[in-house]
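Each remark here refers to the structure printed beneath this line.
Numbers here simply count residues along the sequence, with the first being 1.
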Amino acid sequence: MPHGIDPAVEPVLRIIVLTMDRPASLKRLLVSLTEADYEGDRVDLDIWIDRANDTDIAENIIQSMASTARECHWPFGVRTIHKREHNAGLYEQWIYSWNVTDESTETAVILEDDLQVSPFFYVWLKRARVHYHLDPSVAAFTLQRGELRPRRPKDA
């Protein structure tokens, strides 16, 4: 377990999912999260549903997304569904979805709903944090490769 964490007080990890109007994508991500190995650690899940600008359809979309989120059985910790009152946009979703304090030792992973995770993502993150937690030159870890686009084949 990472240094200084009391799972009775706070989770070892908080997963923050950012979503708005893609229930199929949200469901795919949540399924991949439920299939991950958390090694018995407490992992809390926060699902932040942004509100569409079109007020005529916004409430229907929010309800559909909340329903998809509620279908996710989360036995690893506390699952919380947050519904935005106004459209926040992706920037504000990223900035204002994790309310960590100076006293907290909590670690978070922020995921957009168009992603899927490996069943081993948490094991990797946990080992990386244990190994590097005292290294002042390390501020964060990424779950994606450094190159986001595949290379062109040499014969193309």
Side-chain angles (χ1 to χ4, degrees), residues 1-51 61-62 64-150:
M1 180 176 318
H3 176 72
I5 293 176
D6 180 356
V9 177
E10 61 184 28
V12 176
L13 178 70
R14 178 173 308 280
I15 298 173
I16 299 168
V17 172
L18 307 179
T19 190
M20 187 167 97
D21 60 0
R22 299 184 290 202
S25 292
L26 176 61
K27 184 174 184 173
R28 185 180 61 241
L29 171 58
L30 294 176
V31 166
S32 73
L33 289 169
T34 60
E35 293 174 348
D37 179 4
Y38 298 105
E39 298 188 325
D41 291 344
R42 177 177 158 202
V43 177
D44 288 354
L45 175 65
D46 284 19
I47 302 168
W48 287 85
I49 305 170
D50 199 5
R51 183 172 292 276
I61 292 171
I62 289 278
S64 172
M65 297 303 291
S67 176
T68 300
R70 281 191 301 274
E71 290 171 6
C72 172
H73 176 66
W74 191 255
F76 312 105
V78 176
R79 180 198 62 200
T80 307
I81 300 169
H82 307 270
K83 298 183 268 187
R84 299 268 185 204
E85 293 297 320
H86 304 284
N87 178 262
L90 194 53
Y91 173 80
E92 285 188 28
Q93 282 272 79
W94 270 88
I95 300 300
Y96 298 113
S97 295
W98 186 28
N99 300 314
V100 68
T101 66
D102 289 340
E103 294 80 33
S104 175
T105 58
E106 181 176 277
T107 299
V109 172
I110 301 175
L111 302 169
E112 294 178 24
D113 65 5
D114 59 346
L115 302 172
Q116 285 180 270
V117 296
S118 160
F120 308 106
F121 90 98
Y122 175 70
V123 173
W124 184 88
L125 282 175
K126 184 177 176 181
R127 301 292 185 281
R129 185 170 184 216
V130 166
H131 186 76
Y132 291 104
H133 79 277
L134 295 177
D135 186 337
S137 68
V138 176
F141 304 103
T142 183
L143 294 171
Q144 61 193 39
R145 61 189 175 276
E147 185 174 304
L148 298 177
R149 294 183 300 180

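If you look at W124 and Y122, their ring centroids are not closer than 6.0 Å.
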Chi angles and distances behind the side-chain contact (heavy atoms from CB on, under 4.5 Å) call for V117, L33: CA-CA 6 Å; V117 296; L33 289 169; 3.7 Å; yes

Test side chain to side chain donor-acceptor pair (under 3.5 Å) applied to T107 and R14, step by step: CA-CA 6 Å; T107 299; R14 178 173 308 280; over 6 Å; no

Candidate pair S32 and L29, rule side-chain contact (heavy atoms from CB on, under 4.5 Å), full reasoning: CA-CA 5 Å; S32 73; L29 171 58; 3.8 Å; yes

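No side-chain heavy atom of P119 sits under 4.5 Å from any side-chain heavy atom of D37. With contacts defined as side-chain heavy-atom distances shorter than 4.5 Å, the pair I81/I49 qualifies. Residues L111 and I16 have side chains not in contact (no heavy-atom distance under 4.5 Å, counting atoms from C-beta outward). With a 4.5 Å cut-off on side-chain heavy atoms, L45 and I47 count as touching. Put simply, the side chain of V17 reaches to within 4.5 Å of the side chain of I15, judged on heavy atoms. A 4.5 Å side-chain heavy-atom check between H82 and D46 finds at least one atom pair inside the cut-off.
Once rounded to the nearest 0.5 Å, the distance linking OH of Y38 with CG of L125 reads 10.0 Å. In this structure, CH2 on W48 lies 14.5 Å from CH2 on W94, to the nearest 0.5 angstrom. Note that the CD atom of E71 and the CG atom of L30 stand 9.5 Å from one another [nearest 0.5 Å]. Of the inter-residue distances, the one linking R51 atom CZ with M65 atom CE reads 13.0 Å to the nearest 0.5 angstrom. Here CG of L26 is found 4.5 Å from OG1 of T19. Values are rounded to the nearest 0.5 Å. The OH atom of Y91 sits 4.5 Å away from the CD1 atom of I95 when rounded to the nearest 0.5 Å.
Scanning for salt bridge (charged side-chain N to carboxylate O under 4.0 Å, His left out) contacts around D21 gives an empty result, with sequence neighbours left out. Residues satisfying the salt bridge (charged side-chain N to carboxylate O under 4.0 Å, His left out) criterion with E39, sequence neighbours excluded, are K126, R127. Evaluation of the ring pair (Phe, Tyr, Trp, His ring centres under 6.0 Å) rule for H86 yields no partner, not counting sequence neighbours. Residues forming a salt bridge (charged side-chain N to carboxylate O under 4.0 Å, His left out) with R22 (at least two apart in sequence, or on another chain): D113. For the salt bridge (charged side-chain N to carboxylate O under 4.0 Å, His left out) test, no residue two or more places apart in sequence or in another chain qualifies with D50.
A salt bridge (charged side-chain N to carboxylate O under 4.0 Å, His left out) check over residues 81-97, counting only residues at least two apart or in different chains, returns nothing.
At distances below 3.5 Å, at least one donor-acceptor pair connects side-chain atoms of D44 with backbone N or O atoms of V78. Between the side chain of H133 and the main chain of V130, a donor-acceptor pair closer than 3.5 Å is present. Put simply, the side chain of R79 gets close to the backbone of C72: a donor and an acceptor are under 3.5 Å apart.
When all heavy atoms are compared, the tightest approach of W98 to A108 is CE2-CB, 3.4 Å. Residue A36 comes nearest to F121 through the heavy atom pair CB-CE2, 3.6 Å, listed as atom of the first residue, atom of the second, then distance. The two residues P136 and L134 have their closest heavy-atom pair at CD-O, 3.2 Å.
Counting heavy-atom neighbours within 6.0 Å of Y132 OH, excluding the residue itself, gives a total of 12 or less.
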